[in-house]
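Inspection log for the structure reproduced underneath, given as structure tokens.
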2 protein chains.
Amino acid sequence: MRIGELAKATGTKAETIRYYEREGILPAADRTDSNYRDYSDNHLAALTFVRRARQLGFSMAQVRELLALSDSADKPCQEVDELVREQLEEVEQKIVDLSSLRNELRLLLRSCEANRIGECRIVESLALPFK
Amino acid sequence: MRIGELAKATGTKAETIRYYEREGILPAADRTDSNYRDYSDNHLAALTFVRRARQLGFSMAQVRELLALSDSADKPCQEVDELVREQLEEVEQKIVDLSSLRNELRLLLRSCEANRIGECRIVESLALPFK
DNA sequence: GCTTGACCTTGTAGTTGCTACAAGGTGCAT
DNA sequence: ATGCACCTTGTAGCAACTACAAGGTCAAGC
């Protein structure tokens, strides 16, 4: 499998795949006679894993941890569990933050009833000091 | 007002303030005899505005737009309004995305009933191909 | 008057996770 | 043999900071 094929199969750009290899996230591929990268099904599975984890919001560092963990089949599951739990917490915090952001923006919109910027409360509200 | 004081007052690092100046987001400050930046209350208001807008999720480019708009007090409010509306839509979309992320992570957590990584469904699920 | 320490200056490089070239080599169809 | 899509390496860029390094300034304390 050449890099373009793997790219298509995983919805990843070829440049990103090479970047993962450089970063040690993916193992280096074999090379053909003409120096093209030649990928196996293992690579496909690994890249799928990486992309899925990234989509779930795990950082590269976390993906590295997950990959390391998934290699040691005999270790207890607890650490993987812990990583997922952390990620879930982060996501939940982001949702909370964004929700209050949304409320502020809605307030901002409602405050704009004048029709000239000079009277527009939006610009004013933004210039208020922090609480 | 020196940069450290302004930094403290706005919850911004001094380096970030200098960065804003370099980027033209903030006007350059006066200098003291010893070449220290010397800020006015106008700078304080401007920086407060910028930080608040950034906290609300506006990009630097959008902040630039807002600043330009707020300078021309005679233009209709519509343009500011439009920016806020766009921003609100983005935030709402992010909330939707993160919510489904959260659901997936919860599912993932629940799927882990084994106690060895070799049998861990989390690791398995991550390796599944994309839908 | 001299040192200590907190502050300030500029400039440059690092961060995260890619993305976008540029300049050239390869493979295959026409 | 020519075109075209693909591949290679290397380097630079993106956002929005953040982190030095190497040096200048200022007020306080001894």
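Residue numbering restarts at 1 for every chain, and letters A, B, ... go by the order of the sequence lines.
With hydrogens and angles ignored, the 3.5 Å screen pairs no side-chain donor or acceptor of B:R2 with any backbone N or O of B:L6.
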Output one line per pair: protein atom, nucleotide atom from nucleotides 28-30 of chain C, and distance, for all N/O pairs under 3.5 Å.
none

Write out a two-atom table: protein N or O, nucleotide N or O from nucleotides 14-18 of chain D, distance below 3.5 Å.
residue : atom : partner : partner atom : Å
D:dA16  : OP2  : B:M60   : N            : 3.2
D:dA16  : O3'  : B:R54   : NH2          : 3.4
D:dC17  : OP2  : B:Y20   : OH           : 3.0
D:dC17  : OP2  : B:R54   : NE           : 2.7
D:dC17  : OP2  : B:R54   : NH2          : 3.4
D:dT18  : OP2  : B:T16   : OG1          : 3.3

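A distance of 6.5 Å separates OG1 in B:T32 from CG in B:D38, rounded to the nearest 0.5 Å. The distance from the CG atom of A:L108 to the CZ atom of A:R110 is 10.5 Å, given to the nearest 0.5 Å. Atom CD1 of A:I25 sits about 10.0 Å away from atom CZ of A:F49, to the nearest 0.5 Å. With rounding to the nearest 0.5 angstrom, the CG atom of B:D97 is 12.0 Å from the CD atom of B:E92. A distance of 7.5 Å separates CD of B:E21 from NE2 of B:H43, quoted to the nearest 0.5 Å.
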Under the salt bridge (charged side-chain N to carboxylate O under 4.0 Å, His left out) criterion, do A:E23 and A:R18 qualify, and how do the steps go?
CA-CA 9 Å; A:E23 294 298 302; A:R18 285 190 280 258; over 6 Å; no
Mind running salt bridge (charged side-chain N to carboxylate O under 4.0 Å, His left out) on A:E79 and A:R85 for me, showing each step along the way?
CA-CA 10 Å; A:E79 286 179 57; A:R85 208 176 295 278; over 6 Å; no
Going through the checks in order, is the side-chain hydrogen bond (donor to acceptor under 3.5 Å, both in side chains) test met by A:R51 and A:T12?
CA-CA 8 Å; A:R51 293 304 282 176; A:T12 313; 3.3 Å; yes
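For the side-chain contact (heavy atoms from CB on, under 4.5 Å) test with B:V91, the passing option among B:Q87, B:Q93, B:E89 is B:Q87; the others fail.
Listed by residue number, the members of residues 34-44 of chain B with any heavy atom below 4.0 angstrom from DNA chain C are B:N35, B:Y36, B:R37.
Rounded to whole angstrom, the span from the CD atom of B:E5 across to the P atom of D:dC26 amounts to 16 Å. Remark: P of D:dG24 and CZ of B:R31 are 16 Å apart, rounded to the nearest angstrom. B:D33 has its CG atom 18 Å from the P atom of D:dG24, to the nearest Å. Atom CG in B:D30 sits roughly 16 Å away from atom P in C:dC8 (whole-Å rounding). Taking atom CD on A:E21 and atom P on D:dC7, their separation rounds to 14 Å, with Å as the unit.
Look at A:R102 and B:E90 and you find no salt bridge, because none of the NZ, NE, NH1 or NH2 atoms lies under 4.0 Å from a carboxylate O.
Between B:R2 and A:T32, the residue whose closest nucleotide on DNA chain C is further toward the 5' end is B:R2.
A close approach under 4.0 Å does not occur between any side-chain nitrogen or oxygen of B:R18 and OP1 or OP2 of C:dT12.
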